[in-house]
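Down below is the structure, laid out as structure tokens.
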There are 2 protein chains.
Amino acid sequence: MRYTIGVTPPVNTGACLPSALATSPVFLLGRLGYALKRQAVAELEEAGYSFYEYSVLTLAEDGTCKAQTEIADVLLLDRSQLVGLLDGLEERGLIERQRDQNDRRRHVVKLTRGGRQELGRLRTLVNRIEDEFLAPLDAESRSDLFAILSRLARAHDTRFAVPADVAVAS
Amino acid sequence: MRYTIGVTPPVNTGACLPSALATSPVFLLGRLGYALKRQAVAELEEAGYSFYEYSVLTLAEDGTCKAQTEIADVLLLDRSQLVGLLDGLEERGLIERQRDQNDRRRHVVKLTRGGRQELGRLRTLVNRIEDEFLAPLDAESRSDLFAILSRLARAHDTRFAVPADVAVAS
DNA sequence: TATTGTTATACTCTATAACTATA
DNA sequence: TATAGTTATAGAGTATAACAATA
């Protein structure tokens with residue numbers, strides 16, 4: 001591992017980034033995104049899960065994506081990658097695969113009771129990591145950041161589109 | 001490649017991310033950082049450079065890091081990785097390695113005139129990509145975002161520390 | 001013929017260890 | 001003995017192609 005926050009503080013060699021890099025949005029956003037995710041990946045791994053497995057459990061709970069292809073598409077990974085992930089989760093009794101009776105090629109992925117419990121644990125873990133990461137910001141800055149990131153995400157990635165009714169309801 | 005903005009718009013399969021993921025800072029920040037960097041990586045590659053090569057050229061221009069170990073530390077990559085990068089840049093006449101006369105184990109990395117020219121081209125390229133990425137935001141949101149990201153970066157990564165005098169001067 | 005889930009394989013990065021020359 | 005640069009190797013993660021079952 002090369003870069004984490006919290007667990008392994010970055011080594012201060014005294015050297016600083018040149019401002020041409022330190023003030024570049026690509027560099028800033030790329031580095032922060034990577035650092036935060038790295039931290040989440042590390043702690044999830046300690047808990048026995050990969051970040052993908054956490055994402056898959058979340059998607060299985062949501063239930064909008066039933067078939068494996070849909071799950072893979074939403075998570076931007078290949079169908080073939082998903083197979084091994086689901087195998088592991090199924091062996092641990094966290095999800096179940098059932099044949100879709102309408103189209104027997106498809107598998108419907110369902111979260112088990114145990115899977116729901118584990119997901120709750122993992123979500124608590126991730127929430128704490130996020131809080132720690134955002135700790136240097138006051139409440140207003142946090143909500144500003146969230147609003148701006150959401151706007152960018154919606155503009156660049158249709159998967160972040162918010163169904164209007166849902167947005168109003170919740 | 002799985003995820004780019006601009007060049008290859010994300011495929012809209014109609015499926016949306018569950019809000020538990022879409023509203024998660026880890027997911028948002030991770031995804032946006034990855035997407036922006038991915039775009040920069042893709043276009044730099046078309047121009048004949050890797051993102052690391054672009055970073056190395058920038059560092060060589062800055063001149064604060066002279067030895068290879070220092071450059072590697074600041075860019076969070078291993079010394080051994082840097083060797084090949086510098087080989088390629090030197091073959092193309094963009095940088096030069098000279099023995100440090102005070103400590104003959106060390107190499108001093110210098111940007112050549114040609115390297116400076118190329119760096120100018122690449123920086124224009126990266127600036128354009130960043131502008132396109134931030135296009136959905138108004139000027140105030142952009143400066144808010146930049147301020148917040150900078151604060152987070154300084155809090156979590158000492159390499160982003162701003163020497164006080166430099167901060168005032170520029 | 002096209003699609004779903006699956007399997008097997010290849011390739012790219014990155015991490016690690018070991019070597020040399022200098023200190 | 002420790003450090004700078006280098007080289008070579010191994011591993012993780014990902015991309016690609018091909019297969020069987022079903023539509």
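Quick note on labels: first sequence line is chain A, next is B, and so on, each numbered from 1.
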Using whole Å, what does the distance between atom C1' of nucleotide C:dG5 and atom CG of A:Leu77 come to? 14 Å
Measure from the side-chain heavy atoms of B:Val83 and tell me the nearest of D:dT14, C:dT22, D:dT6. D:dT6
To the nearest angstrom, how far is A:Gln81 atom CD from C:dT7 atom C1'? 14 Å
Which residue pairs satisfy the salt bridge (Lys or Arg N to Asp or Glu O under 4.0 Å) criterion with at least one member in residues 136-155 of chain B, sequence neighbours excluded? B:Asp131-B:Arg142
Which atom of A:Ala60 lies closest to which atom of A:Val109, heavy atoms considered: CB-CG1, 4.2 Å
Kindly state each residue pair satisfying salt bridge (Lys or Arg N to Asp or Glu O under 4.0 Å) with at least one member in residues 118-130 of chain A, sequence neighbours excluded. A:Glu43-A:Arg128, A:Glu61-A:Arg123, A:Glu118-A:Arg121, A:Arg128-A:Glu132
Any sub-3.5 Å donor-acceptor pair from A:Arg159's side-chain atoms to A:Val74's backbone N or O? yes
So the salt bridge (Lys or Arg N to Asp or Glu O under 4.0 Å) pairs with at least one residue in residues 87-96 of chain B (sequence neighbours excluded) are B:Glu53-B:Arg92, B:Asp87-B:Arg97, B:Glu90-B:Arg97
So what does A:Arg97 hit on the nucleic acid, given a heavy-atom distance under 4.0 Å: a base, only sugar-phosphate, or nothing? sugar-phosphate
State whether the side chain of B:Thr112 and the backbone N or O of B:Gly115 hold a donor-acceptor pair below 3.5 Å, judged by distance alone. yes
Quick one: does any side-chain atom of B:Ser24 pair with a main-chain N or O of B:Ala20 as donor and acceptor, under 3.5 Å? no
In whole angstrom, what separates A:Tyr52's OH from D:dA12's C1'? 13 Å
Going by salt bridge (charged side-chain N to carboxylate O under 4.0 Å, His left out), name the residues that satisfy it together with A:Arg79, two or more places apart in sequence or in a different chain. none
For B:Phe133, does its backbone N or O pair with a side-chain atom of A:His156 as donor and acceptor, under 3.5 Å? yes
Under 4.0 Å from any atom of DNA chain C, heavy atoms only: list the residues of residues 84-95 of chain A that qualify, in numerical order. none
Close N/O contacts between protein and nucleotides 1-4 of chain C (under 3.5 Å):
residue : atom : partner  : partner atom : Å
C:dT3   : O4'  : A:Arg105 : NH1          : 3.4
C:dT3   : O2   : A:Arg105 : NH1          : 3.1

CZ of A:Arg38 versus P of C:dT14: gap in Å, rounded? 10 Å
Determine whether a donor-acceptor pair (one donor, one acceptor, N or O, separation below 3.5 Å) exists between the side chain of B:Ser80 and the base of C:dT14. no
In whole angstrom, what separates A:Leu75's CG from D:dT14's P? 12 Å
Rounded to the Å, how far apart are B:Glu45 CD and C:dC13 P? 8 Å
In whole Å, I'd like the distance from the CD atom of B:Gln98 to the C1' atom of D:dG5. 16 Å
A:Tyr34 OH to D:dG13 P, in whole Å, measures 11 Å
